[in-house]
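This report refers to the structure that appears directly beneath it.
We count residues from 1, following the sequence as given. Ligands are counted one by one from 1 in listed order, and the atoms in each one are counted from 1 as well.
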Amino acid sequence: MSEKDNLNQQYWQQRYEQNRTEWDVGGITPPLKSYIDQLPEKELSILVPGGGNGYEAEYLHQNGFTNVYLLDIAAAPLQNFQERLPMFPRHHLLQEDFFSLTAQQYDLVLEQTFFCALPRDLRAHYARQMFDLLKPNGKLAGVLFSVEFEKEGPPFGGSALEYQAYFEPYFEFLRFEPCQNSVKPRQGRELFIELQRRSRPQFIA
Ligand SMILES: C[S@@+](CC[C@H](N)C(=O)[O-])C[C@H]1O[C@@H](n2cnc3c(N)ncnc32)[C@H](O)[C@@H]1O
């Protein structure tokens with residue numbers, strides 16, 4: 001069985017049921033908070049995919065953003081979120097596979113330990129799917145690990161050079177740099193990215 005087949009809905013649901021959620025820092029991380037704090041419009045449509053317990057969606061909601069969607073393949077974190085935030089619109093909680101999502105396009109997608117949770121062979125597909133899910137000039141922003149890990153993932157690490165190849169056909173790079181305000185255990189091991197969707201893919205021959 002391939003890595004891709006193992007990391008399915010059941011796998012992630014069990015991780016939540018068994019409280020094996022080592023990635024969960026219990027709140028919004030400083031890089032995502034700083035990014036959200038400078039967003040100009042509360043009406044932006046924002047997707048948080050692989051959002052788990054949804055700390056970014058919670059922060060956005062509490063700060064007056066009205067068009068926020070939290071997506072996860074596992075039911076458990078979305079149930080936790082609903083219990084924590086009963087006022088959050090229920091139809092903005094999407095229990096779905098990110099790669100099957102088609103319904104609408106967003107102004108912004110936030111990335112926080114979702115990319116690194118996916119099998120490596122889905123990375124190019126992730127970049128393409130982000131392109132498809134964003135409106136023209138929409139943005140993908142957040143953090144990516146910039147190191148490899150000793151243990152077999154998830155999380156799966158990587159390098160800036162590797163990631164550049166996935167995103168370049170679809171995005172202009174506004175920021176793609178070492179993250180300066182990572183949570184302590186991730187310091188020096190993350191990139192902050194802010195990528196703007198191209199109007200059409202550009203493949204260099
Ligand atoms: C490492 S966790 C990160 C969760 C959250 N972003 C955080 O930082 O706490 C990865 C999350 O992605 C979800 N996930 C994995 N594959 C997915 C997929 N194909 N579509 C949607 N969610 C997925 C998992 O259920 C899990 O909640």
Every pair of nitrogen or oxygen atoms between ligand 1 and the protein that is under 3.5 angstrom apart - can you list them with their distances to 0.1 Å?
unit_1   : atom_1 : unit_2 : atom_2 : d
ligand 1 : 6 (N)  : Gly50  : O      : 2.8
ligand 1 : 6 (N)  : Gln112 : O      : 2.7
ligand 1 : 8 (O)  : Thr113 : OG1    : 2.5
ligand 1 : 19 (N) : Asp97  : OD1    : 2.9
ligand 1 : 20 (N) : Phe98  : N      : 2.9
ligand 1 : 22 (N) : Ile73  : N      : 3.1
ligand 1 : 25 (O) : Asp72  : OD1    : 2.5
ligand 1 : 27 (O) : Tyr16  : OH     : 2.5
ligand 1 : 27 (O) : Asp72  : OD1    : 3.3
ligand 1 : 27 (O) : Asp72  : OD2    : 2.6

- Joint cluster assignment, Leu44 & Leu71, ILVMFWY side-chain distance < 4.5 Å: no
- Can you find a heavy atom in the side chain of Ile36 that is under 4.5 Å from one in the side chain of Asn63? no
- Query: Do you know which of Phe176, Phe145, Phe115, Phe156 makes ring-ring contact (aromatic ring centres under 6.0 Å, His included) with Tyr163?
  - Reply: Phe115
- Message: Can you see whether Phe131 has Arg197 sitting over its ring - NZ or CZ less than 6.0 Å from the centre and within 45° of the normal?
- Response: yes
- Task: Dump the intermediate steps for salt bridge (Lys or Arg N to Asp or Glu O under 4.0 Å) on Glu22 and Arg15, then the final yes or no.
- Result: CA-CA 9 Å; Glu22 300 83 351; Arg15 295 279 304 242; 2.7 Å; yes
- Message: Per the ring pair (Phe, Tyr, Trp, His ring centres under 6.0 Å) rule, what does the pair list look like for residues 48-67, sequence neighbours excluded?
- Response: His61-Phe88
